[in-house]
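No hydrogens, no waters, no symmetry mates; every other heavy atom, side chains included, goes into these values.
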Amino acid sequence: AAAFTLAPTSPLTLRWTRTVFDNDTLIVEHPRLLELRAYTASFACSARDASVPGLGLGGACPLAWTFTTAATPSVRLLYPAGGERLTGAALHTIRWVSADEEATLQTRVELSLDGGSTWTRLEDLTPFPTGDTKVPRLLPTFDSTNALVRVTAWDSWGLNATATSGAFAIDTTRPTI
């Protein structure tokens, strides 16, 4: 039987490293674990460090613990979606829907007037509740045929999701006769 296991199973790479003494820290490397899944990690009594012939596991043996992985938030931008022609220097409501197991997400809302080459922050790490969110913002007095809005939401673990609108126009030029 393996000295270290993870259930449900996942490919593991084990390596010993040094924190204070040689071979005193075991690093367990694995691919990204599934979200919102309970895992059990176990050390068998046969676990040995990398010395020859190997020192056994000290303390309580066997050792097992269970943890649940976090989920990445999701965000979907509803307005602007792309294709709109919006009036500059006017109030428009940016709208998105976010979801996560946490009730509040730190959110950044950005506007690009040049197709995404540069971004201006309209909201910066502002806490918004998950769900349907509407934020009124005054669009700049600047003509653009390639404006974008981007919304990024972070949970308390630092996991994040981003949604970007399609290109839309901002028109600040008054018609002439």
| Does a donor on one side chain and an acceptor on the other come within less than 3.5 Å for Ser10 and Arg37? |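 There is no such pair (donor and acceptor under 3.5 Å, judged by atom type) between the side chains of Ser10 and Arg37.
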Would you call [X] and [Y] a side-chain contact if the rule is heavy atoms closer than 4.5 Å?
X      : Y      : value
Leu6   : Leu12  : yes
Ile94  : Leu77  : yes
Tyr39  : Pro8   : yes
Ser117 : Ser112 : no
Val149 : Trp96  : no
Val151 : Phe128 : no

Ignoring hydrogens, what is the shortest heavy-atom contact between [X] and [Y]? Give both atom names and the distance.
X      : Y      : value
Ala70  : Trp157 : CB-CD1, 3.9 Å
Pro129 : Thr133 : O-OG1, 3.5 Å
Ser74  : Ala161 : CA-CB, 4.0 Å
Ala44  : Pro62  : CA-CB, 4.4 Å
Leu125 : Gln106 : O-OE1, 2.6 Å

| Which other residues end up in the same hydrophobic cluster as Trp119, if Ile, Leu, Val, Met, Phe, Trp and Tyr are linked when side-chain heavy atoms come under 4.5 Å apart? |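 Other cluster members: Leu148.
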Has [X] got a side-chain atom pairing as donor or acceptor with [Y]'s backbone, closer than 3.5 angstrom?
X      : Y      : value
Ser42  : Ala64  : no
Tyr79  : Lys134 : no
Thr152 : Arg108 : no
Thr25  : Arg18  : no

With sequence neighbours left out, what residues match [X] under side-chain contact (heavy atoms from CB on, under 4.5 Å)?
X      : result
Thr173 : Asp143, Asp171
Thr141 : Ala89, Thr172
Pro175 : none

Could you grab the distance from atom [atom1] of [X] to atom [atom2] of [Y], nearest 0.5 Å is fine?
X      : Y      : atom1 : atom2 : value
Asp155 : Thr130 : CG    : OG1   : 11.5 Å
Leu78  : Arg95  : CG    : CZ    : 5.0 Å
Ile170 : Leu139 : CD1   : CG    : 4.5 Å
Phe142 : Thr120 : CZ    : OG1   : 10.0 Å
Leu63  : Phe4   : CG    : CZ    : 9.5 Å
Thr107 : Leu122 : OG1   : CG    : 12.5 Å

Check the hydrophobic clustering (I, L, V, M, F, W, Y; side-chain heavy atoms under 4.5 Å; chains of links allowed) and say if [X] and [Y] are grouped together.
X      : Y      : answer
Leu26  : Trp65  : yes
Phe168 : Leu113 : yes
Leu159 : Leu34  : no

Contacts table for residues 97-105: side-chain donor-acceptor under 3.5 angstrom, sequence neighbours left out:
residue: Asp100; atom: OD2; partner: Glu102; partner atom: N; Å: 3.1
residue: Glu101; atom: OE2; partner: Ala71; partner atom: N; Å: 3.3
residue: Glu102; atom: OE1; partner: Ser156; partner atom: N; Å: 3.0
residue: Glu102; atom: OE1; partner: Ser156; partner atom: OG; Å: 3.3
residue: Glu102; atom: OE2; partner: Ser156; partner atom: N; Å: 3.4
residue: Glu102; atom: OE2; partner: Ser156; partner atom: OG; Å: 2.6

| field | Residues which pass side-chain hydrogen bond (donor to acceptor under 3.5 Å, both in side chains) with Thr66, listed by chain and number, not counting sequence neighbours | value |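 Per chain and number, Thr66 pairs via side-chain hydrogen bond (donor to acceptor under 3.5 Å, both in side chains) with Thr40.
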